[in-house]
Amino acid sequence: MRSKRKTYTLAGFVFLLLAFALIMYPIAAYYLGAYLGSNHSIHRPGSSFTYVGALVSKTYVYHFEVLENGSYNFTAILYRGTPGYGYSQSKSPPKDWRFPFFTNMTRDQIKEICEVNMILPRNDPLVELFFPKDAVYLLNRSRPIVKLPPLEDHGYINWYFLPKFLGFPRLYAPEGLERFNKTLAVKLNSSEYFPVVRYLKASDGYYIIAYNPHIPQTFEPLQLGRVFDHCLNAKLLIELYKGFPKLLIVRTNVQPLSQDWKQAIKYSTVQYTAPVDFVLILTGVILLILAGRARR
């Protein structure tokens, strides 16, 4: 007959393993599914990226799609109105990249002002801003892309605010812009604004996930004047409104390559742990304590 000590020990480890399995499930499901089975290349034909940004009373959409020859089919749409856009852990990517908003308003209510289509080569300044290989030209110099420090080290957007369809990536930023820098900040009224650029890493470079063009020098690289030259006075907008809302990625078929699995496990332990996990852990610990006290 099996001894009580062995029985308690075995049962204790079984409960602890069950708790660990529940914590690891979302990470394992993502890794074995979306991550391993996805495209990780920015320049692969068919790779696409949709971004949305706001301009006072207007909203613009930037959509990039890689062609067979490596150039980018770029479509920009300007809308009248400011519908909701962005991402969160609870929202899926919009199905229609031409209308990628979270709103109850219809297309008739959000009027399209104009649409522009261009074919951009890889060395186009707009492509180099959105999809740099290892450095980006910003604020008068070329800046290498470096790892973003965590929040506790004066970092900014933490990785778990990213869209759930991107999994658990590590964030990157241009050198000098990864931490708040007073010399690069602009003061408006009582607030200081700092240019924030956040990238994700793919197998052949980086792509923007969030861009906060708070000052004219970081608003101009978006080239809204060039893109919407016949239907938007971008220069007047810059003069009237300094500190533009974020431009955010809302849809892509490229999974980031660099994943922060350690932070993912930590986040899953905190966020996904249900009461049943604590019960299983507590039960397992109690059983191991009993095993230590039990006689053969």
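Small disclaimer: the values here were computed from a predicted structure and weren't measured.
No donor-acceptor distance shorter than 3.5 angstrom exists from the side chain of Arg198 to the backbone of Ala173, with no hydrogens or angles considered.
With rounding to the nearest 0.5 angstrom, the CD1 atom of Ile77 is 10.0 Å from the CG atom of Asn117. Note that CD of Glu112 is 12.5 Å distant from OG1 of Thr59, once rounded to the nearest 0.5 Å.
Within 6.0 Å of atom CG in Asn140, 12 or fewer heavy atoms from other residues, nucleotides or ligands are found, so the atom counts as exposed in its surroundings.
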| query | Are Tyr31 and Leu36 close enough, and set up right, to give a side chain to side chain contact (heavy atoms under 4.5 Å, CB included), and what steps lead you there? | reply | CA-CA 6 Å; Tyr31 179 77; Leu36 290 182; 3.8 Å; yes

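In the model, His63 has no side-chain atom that pairs as donor or acceptor with a side-chain atom of Tyr72 under 3.5 Å. For the residue pair Tyr172 / Ser258, a side-chain donor-acceptor distance below 3.5 Å is found, with atom types taken as modelled. A side-chain donor from one of Asn39 and Ser47 sits under 3.5 Å from a side-chain acceptor of the other. Of the N and O atoms on the side chains of Tyr30 and Gln255, at least one donor lies less than 3.5 Å from an acceptor on the other residue.
Remark: aromatic rings of Phe168 and Tyr35 are distant, center separation not under 6.0 Å. Aromatic rings from Phe13 and Phe15 are positioned such that their centres are separated by 6.0 Å or more. Taking the six-membered ring for Trp and the full ring otherwise, Phe64 and Phe130 have centroids separated by under 6.0 Å.
Placement of Trp261 and Tyr25 in two distinct hydrophobic clusters is found when ILVMFWY residues are connected by side-chain heavy-atom separations under 4.5 Å, directly or transitively.
Annotation: side chain of Gln259 is in contact with side chain of Pro169 (closest heavy-atom distance under 4.5 Å).
Closest heavy-atom contact between Met24 and Ile265: SD-CG1, 3.9 Å.
Between Phe131 and Phe49, the ring planes are tilted. Angles from 30° to 60° get that label. Tyr62 and Phe228 have tilted rings, their planes meeting at an angle from 30° to 60° on a 0 to 90° scale.
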